[in-house]
Amino acid sequence: MDLPVDEWKSYVFQKWSLLPKSIQVTISTAETLSDIFLHSSLLLQPEDEMFLQNLSRGYLVEKDPNAPLFYREEGNKKFQQKDYMGATVLYSKGISHSRPHTADISLCYANRSAALFHLGQHEMCLKDIMRAQMHGYPERLQPKMMLRKAECLVTLGRRQEASQTISDLESSFSAKPTLAAAQFQILQTNLCRLKMKAQEKESLTETFPAALTKALEDMDLKGENGQVPSASSSVSLRTDPLRGRYLVATKDILPGELLVKEDAFVSVLHPGEMPPLRHLESKWDTRVTNGDLYCHRCLDHTLATVPCDGCSYAKYCSHDCMQQAWDLYHSVECSLGGLLLTLGVFCHIALRSTLVARFEDASKVIRKLCSEIRNRDTCSPERETLVQTLTCDLGGESENKGKMLEPPVPGCDLNGKYESNYNAVFHLLPHTGNHSPEHRFLCALSVSALCRRLEAAGCYKPAAAVPPGSGSELDVWGVAMLKHVLQLQCNAQAITTIQHTGSKENSVTNSRQVRLATGIFPVISLLNHSCSPNTSVSFISNVATVRASQQIGKGQEILHCYGPHQSRMRAAERQQKLRSQYFFDCSCAACQNEKHSAATGPRWEAFCCRSCGALMQGDDVLICGSTSCMESVSRDHLISRLQDLQQQVGMARKLLRNDKPERAIQLLLGCQRDAQSFLSGEHSLVGEMEDDLAQAYAALGDWQKSATHLQKSLQVVEVRHGPSSVEMGHELFKLAQLFFNGSRALGSTLKPRGPHLGQKQGRPHLRQLGIALHAIRMFQQDTDKSIPTRPSFL
Ligand SMILES: [Zn+2]
Ligand SMILES: [Zn+2]
Ligand SMILES: [Zn+2]
Ligand SMILES: [Zn+2]
């Protein structure tokens, strides 16, 4: 997904292998990015472009005039089945294929407003009603929609507007007396109901998640950092030859403290986990993807997307977002959808970064790049210095011009300030020499093809800032994009979100982390990696926040994890991943520790002795770890028992899904007895079974038992992911739901017990509560209706 599609990759690799040795050598040994780009660019033939164009055609990115009717009818089917969520998405797809001011678009908006109404999304419903009218919704269908509008307004407590809408309706009826009688009757009944609803509304107080979110939204950085504006004053930017640029704590930091809050410089939404359909397979796609649920600009979750007027793939949370995206970059990207999907997210981010940069300090950046190209024939240390000097000049204040001050850290301006801007992006390391020659060729050829298309589409306009005779400006643009593509391998940040599975009223919901987009965050890029980091990163829309996940002492480095976390991978696997993607050998504390510790494996994968319960050790044949016990068993035997057990648990889950919680519980309790005879108490399957039991009891409304099992599952999660992990936050959030549901069901205050949320020495465990809040905040993105209102223990 990040890189170009496989067909194009293998096509380019083959092209590379067929190149004359001398040309391969020229490109492999080229010293600058501009040399790599220009040599590769010359090799791009019309037939290559043809091949790429054919691949791009496989993506349906244009508006198909026949699609709106199809999607509307599919949506109506879902609507009739009361699957309002499914209907909403299908109507959105219909909208994205409709042209503005057509019957198609107004009917789709109107239908979507009805689905949103049933989902309780009243604000969104109102917006869709407005949109339907704006695009010319037929007069004869108006009354029903107006009634929906009035009902929304009442529910939202906007009574003045509601009565205005109702009196408008009344007068439109009286203008058409033939219609009035039956309709009026319905109107009267509804009006009565609406008035009662309005009174109820007033007695409701703010809901639990809403109140919490507000509290958390207000939580800002603790004092502005003069040097790094997106970071808190508790950290400071340093540099040394070994670690490069990094952040250290300037004071003792407590767990949960917000350290960085940074907007993505740019982000690109992932089209989804499923591969896009090719024209051949089916004409229209009814599957739900990220592209249907998240704004293409700000990444906000939304059920009511507004499409680009020109294409069917770019959808936004609002008209504002659409306009901003258009002004910044989409006016160029709009016609390139298929090509950008073929070339992958990295190419897309590279293009978007340069487009966004036009509005920032583009002229300075282009000036720098021109000089780099101008000097490409003089490959000398002096050239390097010149480029460096010009680089340093970027973003400098005018009063400092000509002084040639050396900024303290690369990427900073002359005043030593490191901002989340294009200058900082430009200074992220591309590690050019570490990429294989084939990979560099793939990236260069892909960017060249993109440049040709930009030229053909008339997207490229000469900039006044370029000195004459400094080479083609389009080449300058290409070199900048190539640099970004290469940088992204080490500097791209996956933007993730939490998605719920099996959400059901009043039961405990499950969630998983999914990748939503890829972005560039220049400040977060300053953080070095650790397999057991002291921070955790989370996202709200395209804003990233980094919080301390444990106590960090003054002078200690702020570390985050690039992906290979010690809780998910063994040291050898992590080392291999970090070396191949990030080009370094990890020597973090976790890696050092693992090198020295015995090879018993992690506790969440451990087997225990059937006679004494001690942990088993060894490779093919496992021997009891207790010196007084002689038990031994083959690993294969234990693995096959584990597989049997997993199968049983799978069956229990199926029962649970099919609304047979009693039978699921019976099966799970049997599994538990079996597990006790050979799995460690902290084995992840043991934890999962506790979680399943919690869900089953919750489904039966037995909150107390449910909470007991969830607390056991919590202990396993803590062993595996650590007490301050996001995973722990999710589990705690479930527990919070349970306590809330429990107290509501029993009509009493059910006090939580156990070491986690319990009354440790008479007061709640604040740190973990903080992490639970952190998780809740992430849950907020999904405006999930199953999130309960205020729990009793807060
Ligand atoms: Zn948006
Ligand atoms: Zn578009
Ligand atoms: Zn490590
Ligand atoms: Zn034993």
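Atoms within each ligand, like the ligands themselves, are counted from 1 in listed order. Atoms considered below: every heavy atom in the structure, side chains included; atoms not considered: hydrogens, waters and symmetry mates.
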Can you give me the SG-the Zn ion (ligand 4)-SG angle for C629 and C612, to 10°?
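Approximately 120° at the metal, rounded to tens of degrees.
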Start with the C-alpha gap between E690 and Q672, add the side-chain angles, then the distance that decides, and say whether side-chain hydrogen bond (donor to acceptor under 3.5 Å, both in side chains) holds.
CA-CA 9 Å; E690 295 288 359; Q672 250 188 342; 2.8 Å; yes
Suppose you place the vertex at the Zn ion (ligand 2); what is the angle out to H330 NE2 and C334 SG, to 10°?
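Angle NE2(H330)-the Zn ion (ligand 2)-SG(C334): 110°, rounded to 10°.
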Only to 10 degrees, please: what angle do the SG atom of C308 and the SG atom of C311 make about the Zn ion (ligand 2)?
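Vertex at the Zn ion (ligand 2): approximately 110°.
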Atom CG in L293, atom OG in S92: separation rounded to 0.5 Å?
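Spacing of CG (L293) from OG (S92) equals 8.0 Å.
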What does the angle at the Zn ion (ligand 1) come to, between atom SG of C321 and atom SG of C317, rounded to 10°?
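It is 110°, given to the nearest 10°.
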Looking at K315 and D292, does any basic side-chain N land under 4.0 Å from a carboxylate oxygen?
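Counted as a salt bridge, because a side-chain N and a carboxylate O are separated by less than 4.0 Å.
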Please check if any side-chain donor atom of S312 sits under 3.5 Å from a side-chain acceptor atom of S96, or the reverse.
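No, no side-chain donor-acceptor contact under 3.5 Å.
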When you check the side-chain N and O atoms of S611 and E631, is any donor under 3.5 Å from an acceptor?
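Result is yes, a qualifying pair exists.
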Answer yes or no as to whether an N/O/S atom of C298 is found below 2.8 Å from the Zn ion (ligand 1).
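Yes, C298 qualifies, because one of its backbone or side-chain N, O or S atoms lies under 2.8 Å.
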